[in-house]
Structures are given as C-alpha cells and as structure tokens.
There are 2 protein chains.
Amino acid sequence: MGDGVAGTPTVYDVAGRAGVSIATVSRVYRSPESVREATREKVLVAARELGYVPSGSARGLASRSTGVLGLCFPDYSDPDAESEAATVDADDDHAFMLYSDQIIRGMERAARRHGYALLIAASLTGGPESLVAKVAGRVDGCAVLARTVPTEDLEVISRRLPVVMLAGPPEQDGPGGLDRLDHIEVANAEGQRELTRHLIEDHGLRRLTFVGGIEDSPDAEARFAGFRDACRAAGLPVPDEPDLRAELMTQAGGARAAEELVDRAGPDGLPEGVLFANDQMAVGALHALGRRGLRVPEDLAVTGFDGIPLGRLVQPTLTTVRQPMRRLGEEAVELLVRRLAEEKRGEPESLVLPVEVVRRASCGCGHEA
Amino acid sequence: MGDGVAGTPTVYDVAGRAGVSIATVSRVYRSPESVREATREKVLVAARELGYVPSGSARGLASRSTGVLGLCFPDYSDPDAESEAATVDADDDHAFMLYSDQIIRGMERAARRHGYALLIAASLTGGPESLVAKVAGRVDGCAVLARTVPTEDLEVISRRLPVVMLAGPPEQDGPGGLDRLDHIEVANAEGQRELTRHLIEDHGLRRLTFVGGIEDSPDAEARFAGFRDACRAAGLPVPDEPDLRAELMTQAGGARAAEELVDRAGPDGLPEGVLFANDQMAVGALHALGRRGLRVPEDLAVTGFDGIPLGRLVQPTLTTVRQPMRRLGEEAVELLVRRLAEEKRGEPESLVLPVEVVRRASCGCGHEA
DNA sequence: TCCTACCATGAATGCGCTTTCACAACGCGT
DNA sequence: ACGCGTTGTGAAAGCGCATTCATGGTAGGA
C-alpha cells in the first residue's frame with residue numbers, strides 16, 4: 001500500500017522496507033540460520049506485507065540450478081482419441097492411466113522425495129526442438145520418452161544436463177557407436193520369451209502366431225525377438241518375421257489382424273495361440289474373434305503385452321506381461337539425481353527393469369494369478 | 001571442441017563463434033524472421049556445434065515470463081498407501097487414476113494447446129510455504145487444489161500472478177469478505193441432490209441415511225447440503241447433521257460406518273438407502289455389508305460420490321455422481337490463460353462445473369446408465 | 001586495557017538473456 | 001543529387017537474485 005512500488009515486489013523492495021540490504025533478504029531465504037533472529041523477523045514481516053515471492057528465474061540464474069526435473073513425452077493421446085472414439089476404451093479414457101500418466105506419477109513422487117518439482121511437456125507437433133529445448137532450459141535434469149525427439153537432439157542437450165531416455169534401447173548413433181545417453185527400459189524380450197514359454201510348456205501349445213507392429217517400433221521388435229527365443233528353445237520353427245504386422249498397434253489394428261488370421265486359416269486351421277505385441281491389439285482381437293464365433297481360450301489362446309487395466313475387464317480376462325511404468329519414472333529420477341551429484345560425468349548407464357507375466361483367462365489359465 | 005570455454009555454452013559463446021553480437025543470437029531464437037537468412041544460419045550452426053541450449057532462467061528473468069503454468073496439490077497419496085495396503089484398491093493403485101492424475105492430465109493437455117508447459121508439485125509435508133512459493137516463483141500462473149496450503153498464503157501469491165483454486169469454494173477470509181481468488185469447483189450439492197431425488201422418486205425410498213466425513217471437508221458438507229435439499233423437497237425429515245461421520249473417508253472408514261449402521265438398526269430396521277459422501281466409503285461399505293450377509297440393493301441401496309473407476313468393478317456396481325476432474329484441470333488452464341491476457345486484473349471468478357449422476361446397480365437400477 | 005576471533009551485515013559483482021536505442025547500409029522517389 | 005523510410009545489426013542497460021569480499025561490532029583471552 002503506497003510503497004511507491006508499482007510492479008511485483010523484489011528483494012530490493014523487501015530490503016528497503018525492512019531496513020536491511022538485499023544480501024540479508026536473500027540470506028533469510030537461503031540460509032535463515034545465518035541471520036540474527038530479530039533481523040530475520042523484520043525481513044519476513046516486510047516480505048509478507050509486500051506479498052513478496054522470490055523469482056525462480058532470478059534464483060535459477062544466479063545459483064545455476066532450478067530444483068526442477070523435466071519429463072518430455074510424445075503426444076500420442078489425441079490421434080487415438082479421435083480414431084477410436086467408439087471403442088470401449090473411449091469410455092475408459094478418463095478412468096485409466098496412460099503410460100505417460102504412470103510415468104508422471106512415478107517421477108513426481110520420486111522427485112518430491114528428493115526435493116524436486118516436476119516439469120512436464122508433451123511434444124506439440126510442429127516445434128522441432130522447441131519442446132525439449134524449452135524444458136531443458138528450465139530444469140536440472142530431464143527424462144525423455146523414447147521417440148519423442150531425435151536422439152541426436154538429445155545428445156546436444158545431454159552436454160548441458162543429465163538426460164535419461166525412457167523405454168528405449170541405446171541407439172546406433174553417428175559413426176561407430178551407441179548414443180551416449182542413459183537409458184532405462186523394460187525387459188521386453190525376456191517378458192515375451194517367458195510368456196511364450198508359458199504357452200508352450202504349460203499349455204502345450206505348438207502352433208503359435210506372433211502379431212507385431214510397425215517395423216520401427218523397438219518395443220515390438222524386442223518382443224518378437226523374445227518370442228523367437230522361446231520358439232527356438234522349445235524346438236519349434238523360428239520365424240524370421242512376425243506372421244503379421246499391424247500398421248496400427250490399436251484395437252482396430254488388432255481386430256483386423258485377427259480377422260485376417262481367421263480368413264487365411266489354412267489346412268491346419270487356426271493357430272493354437274496368438275501373441276500380440278501389445279494389449280490394445282489383443283483386446284481388439286478378442287472382440288473380433290468373438291464376433292466370428294470363436295471361443296478364447298478354447299479355440300485359440302490370445303495374449304497381449306503391457307498390462308493395461310482394460311485387460312482385466314475384458315472377457316475373457318487377458319493374459320499379458322505387465323510393465324512397471326511407475327517404477328520407470330522413479331528410476332529415472334533416481335538416476336538423474338545420482339548424475340547431478342556426480343563430480344564428473346560417468347559412463348552412460350543402461351538399466352533394464354524386470355517385467356511380470358500376468359496369467360489370466362485368455363491363455364487358458366483358470367483364474368487370475 | 002577447444003573453444004576455450006569450460007562450462008555450458010551461452011549466448012556469448014555462440015555469438016563469438018558465429019561472429020555476431022549476442023543480440024543477434026537472441027533474436028535468432030525469439031524472432032527468427034527479423035534476422036537475415038544467412039546470419040541466422042551462421043548462428044544456428046554455431047549453436048549446434050557448441051551444444052547451446054538457451055537458459056530458461058535467464059530468459060525468464062529478462063522477459064518476465066516463463067511459459068510455464070503450475071499445479072500444487074496436497075500429498076494425499078502416501079498415507080492411504082500405507083494404511084490400506086491390503087484393500088482391493090491397493091492392487092488397483094497402479095491402474096487407476098487419482099484425482100491429481102486426472103487434473104494433471106487435463107491441465108497438461110490444455111496447457112499444451114496454449115503453448116505452456118506444466119510444473120507440478122505436491123506438498124511435501126514440512127515446508128510451510130516452500131512448496132507453493134517454489135512453484136509460484138517459476139510459473140506465469142498457478143492452480144492449487146483446495147486445502148493444499150492456507151488460503152491466506154495463496155492470496156499473497158495471487159498479488160504476483162494469477163492463482164486459481166480447484167475443487168474448493170471461496171472462503172471467508174480476514175475481516176469482512178470472501179477471498180479474492182478465482183475458484184473452480186464441481187456442483188457437489190446439486191449432484192447429491194439429484195442423486196437423492198433419484199432414490200426417493202424413482203426408487204421410492206424414504207428412510208435414507210447420509211454418511212459424511214470430517215467436518216472441515218467442504219466437499220462433504222456441500223454434498224450433505226444437497227442431500228438435505230432433496231429431503232426437504234420431498235417432504236422427508238431434514239436432518240441437521242449427517243447421521244454418521246466417518247473420521248476417514250476411506251474404504252475402511254466406510255466399512256466401519258456400515259457396520260455401525262447395521263449394529264444400531266433400531267425397531268425400524270435398516271435404512272432403505274445409505275448415501276456415502278464419497279465412493280471410497282461406499283465401496284468399503286459394500287464389502288462390509290456383504291460380510292454381514294446383507295444384499296445390495298435388495299436389502300438396502302448404497303450410493304457414493306466421485307465416479308472412481310473402481311465403482312464399476314465392484315459387485316454390485318456402484319451408483320454414484322461423476323465429477324469431471326479432467327475438465328477441472330482444463331478449465332483451470334483456460335482461466336489462467338485468460339487472466340494472463342488481461343490488461344488489468346478483473347474480479348475474482350467462481351466457476352461451478354456440472355456433475356453427472358451415474359446410475360448403476362447399487363441403487364436398484366438394473367444396468368449401467 | 002588491547003588484540004584477536006568471530007559473527008552479522010552491506011557493497012558490489014555477475015549469472016545469461018531480452019530489449020530498447022542508435023546506427024550503418026541500403027534502396028527509393030523526387 | 002538529396003533526404004527519407006527500411007532493414008539488419010551492435011552496444012548497453014537491466015531483469016532479481018546469490019555470493020564473495022570487506023567491514024563494523026562484540027566477546028573472549030592475554
């Protein structure tokens with residue numbers, strides 16, 4: 001009130017009002033114990049009267065650290081919402097968590113434990129470097145979901161601050177060598193291998209079909225590799241390529257794949273089991289097979305991968321491999337915090353989180369495990 | 001390489017390498033079209049070679065805006081996780097969204113549309129103003145969930161930047177008057193009134209019981225008010241207080257409340273319907289009643305409030321009132337963006353979002369609506 | 001009593017950027 | 001040929017804070 005100051009109050013205003021120097025005001029906030037009790041009170045009173053809030057930008061600039069960690073992820077929400085509005089998960093959209101939600105939650109909690117806030121941003125299509133650069137400029141360390149931005153851009157940023165790539169393997173980069181980023185991913189191959197083994201050994205299935213996705217999905221490829229491993233180990237024929245590739249790894253794509261499988265069922269008839277590279281497709285397939293009058297798991301087994309909540313609601317409940325997305329976020333924060341504590345940058349790390357096979361009804365298991 | 005510069009590159013380094021002034025470097029990023037093509041290229045090349053990323057702090061300081069919106073919410077995750085680890089939603093914990101998740105999602109999407117990133121932070125118990133102040137210092141505008149921090153603190157902050165309170169009504173503040181904050185909440189009273197009306201008119205129930213929560217939960221109180229309105233409108237007795245208050249609005253609290261209701265069932269026997277102030281309690285009650293051998297809705301109807309996903313999975317499915325939490329987040333961003341565009345600060349706004357009664361089995365409706 | 005040690009505080013500098021303001025170089029019309 | 005508006009660029013002044021260094025004051029030991 002009538003302090004003669006127009007804009008938002010700064011250290012100078014508070015200092016003036018409290019009759020101290022700006023250094024003292026700063027100290028009151030940064031290291032209160034170094035200021036005499038009486039002085040501190042004066043300053044805090046003045047600050048309250050003025051409605052003073054320290055500027056994070058100024059503080060960050062002067063101290064060279066922000067107390068914020070960042071997360072960038074691709075904008076995969078909108079296309080789905082528009083193209084599949086009629087499917088069951090449109091209704092679930094508001095109820096179930098996307099991967100990004102889970103990772104956010106994991107990171108937020110872990111960040112909180114370490115005293116960090118979390119800055120999140122999804123790539124608005126168009127801005128090439130704008131997204132990551134914007135985030136990178138405001139944080140002490142940053143996690144980026146695979147395939148959000150070119151790895152090359154990430155490496156530039158990683159020269160300035162710790163960057164960890166989530167859910168993606170190290171990539172071949174430039175001449176001779178992998179990228180120099182930290183990575184955290186889940187055990188896609190191992191999970192799919194174990195799931196396949198379960199179908200083969202525990203359910204005695206032998207004619208298996210793997211439905212993959214687009215070729216440049218490292219996840220889907222790794223899962224296919226796991227499938228092959230299991231086939232090889234069991235002495236079954238080992239396919240070079242997935243029997244089918246869905247161009248979209250969605251319910252619609254899965255349904256189409258299922259119909260094609262049924263249509264082209266040769267002299268041997270249907271496969272005994274169909275393994276989809278993700279849950280979305282498997283759920284779509286479940287619906288499609290039902291419409292064709294086929295029973296799962298009696299006529300054929302079906303499995304997914306991911307562990308989405310929807311898998312528990314469909315009929316039959318979906319056998320799948322659950323990914324620990326929450327932990328992915330938590331581990332990302334732990335890694336970043338560790339990096340920030342380092343004197344000098346260590347070698348890139350690559351962490352692989354274990355997954356869990358979830359046995360439900362669609363593979364023939366009687367009950368949920 | 002060998003630029004003689006040790007730390008992270010700055011405008012000066014880029015300018016030096018490109019043979020221009022720092023002003024030009026800045027312009028290349030802020031308004032590329034004002035720089036000649038050739039010059040721009042020189043700068044971008046130098047920037048790329050150096051691994052230059054503009055400092056958000058410096059930019060924010062100089063330009064007085066950050067391009068970031070903030071969200072603060074209370075840390076209500078941990079206590080639940082510890083105290084109810086054994087209940088059904090512990091398993092669902094990783095699958096279903098909390099309110100904070102939904103609001104985050106809503107805000108993130110809306111913020112993205114407007115070119116903002118989102119900074120989120122939950123109050124780590126202990127730091128009094130530290131949380132909100134930290135966030136407030138780094139953002140252009142800020143949403144805060146009700147009861148995260150004292151309203152008084154928010155008003156201080158709101159002198160510096162737009163602040164909107166989510167899911168809480170305007171509060172009595174200081175001498176004479178409501179707080180001066182923007183508010184966005186949901187129609188708690190209207191929703192509960194409509195739900196109660198449904199039980200009374202459509203199902204013909206007359207002996208109804210409302211189970212509230214702790215007294216200082218504005219949500220629970222508003223819902224109780226709606227319950228009373230409906231009773232009054234129907235000519236039923238209007239209670240002054242909820243028949244029962246659960247100290248914890250959790251499944252355990254709801255279960256306890258249900259048992260107490262059964263135990264004290266007087267000469268009239270049980271009420272015909274029990275309305276819980278939230279879904280958590282209602283679900284707990286469903287379990288407890290089942291254990292007591294009571295059938296819902298045959299012996300008595302049960303309803304909740306919130307619309308949590310779990311409500312669709314329990315037996316019987318839970319009739320409730322769905323809150324549009326996602327939209328809450330979206331509207332918050334819209335409001336903040338509007339405020340930021342204002343020349344001079346307008347009057348506080350208070351927006352009430354409509355809710356939706358979801359009729360499922362627990363009230364006696366045959367199927368999900 | 002004087003000197004040393006320490007504590008609380010102030011003065012001053014710089015963090016990396018944006019943003020006037022000024023200026024040079026260039027058309028263009030008359 | 002002259003003045004004029006344009007366009008592209010540089011110089012310099014902060015933005016609000018943290019932090020170092022210097023300084024005045026106070027307490028303790030001799």
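The structure presented is a predicted model; accordingly, all values stated were derived computationally and were not measured. Naming convention: chains lettered A, B, ... in sequence-line order (proteins, then strands); numbering from 1 in each chain. Just the heavy atoms: all of them, side chains too, but no hydrogens, waters or symmetry mates, feed the values below.
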Centroid-to-centroid, Tyr12(A) to Tyr52(A), below 6.0 Å?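 When the ring centroids of Tyr12(A) and Tyr52(A) are compared, they turn out to be at least 6.0 Å apart.
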
Would you classify Val35(A) as touching base, sugar-phosphate or nothing, given that sugar-phosphate means primed atoms plus P, OP1 and OP2, and contacts are heavy atoms under 4.0 Å?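 Since only primed, P, OP1 and OP2 atoms lie under 4.0 Å of Val35(A), the category is sugar-phosphate.
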
List the protein contact pattern of nucleotides 22-28 of chain D with one symbol per nucleotide (5' to 3'): B for base contact, S for sugar-phosphate-only contact, - for none; contact means a heavy-atom distance under 4.0 Å. -------

Between [N] and [X], is there an OP1 or OP2 to side-chain N/O distance shorter than 4.0 Å?
{"X": "Arg30(A)", "N": "dA18(D)", "result": "yes"}
{"X": "Ser21(B)", "N": "dG10(D)", "result": "yes"}
{"X": "Ser26(A)", "N": "dA18(D)", "result": "yes"}
{"X": "Arg36(B)", "N": "dT9(D)", "result": "yes"}
{"X": "Arg59(B)", "N": "dT18(C)", "result": "yes"}
{"X": "Thr39(B)", "N": "dT9(D)", "result": "yes"}

Enumerate donor-acceptor pairs with a distance under 3.5 Å from any side-chain N or O in residues 31-39 of chain A to protein atoms, sequence neighbours excluded.
unit_1, atom_1, unit_2, atom_2, d
Ser31(A), OG, Ser34(A), OG, 3.3
Ser34(A), OG, Ser31(A), O, 2.8

Does Tyr12(B) get its side chain close enough to the base of dC15(C), under 3.5 Å, for a donor-acceptor pair?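 For Tyr12(B), whose side chain was compared with the base of dC15(C), there is no donor-acceptor pair (under 3.5 Å).
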
Check every atom of dC15(D), dA12(C), dG16(D) against the side chain of Ala23(A) and return the nucleotide holding the closest atom.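 Of the candidates, dA12(C) comes closest.
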
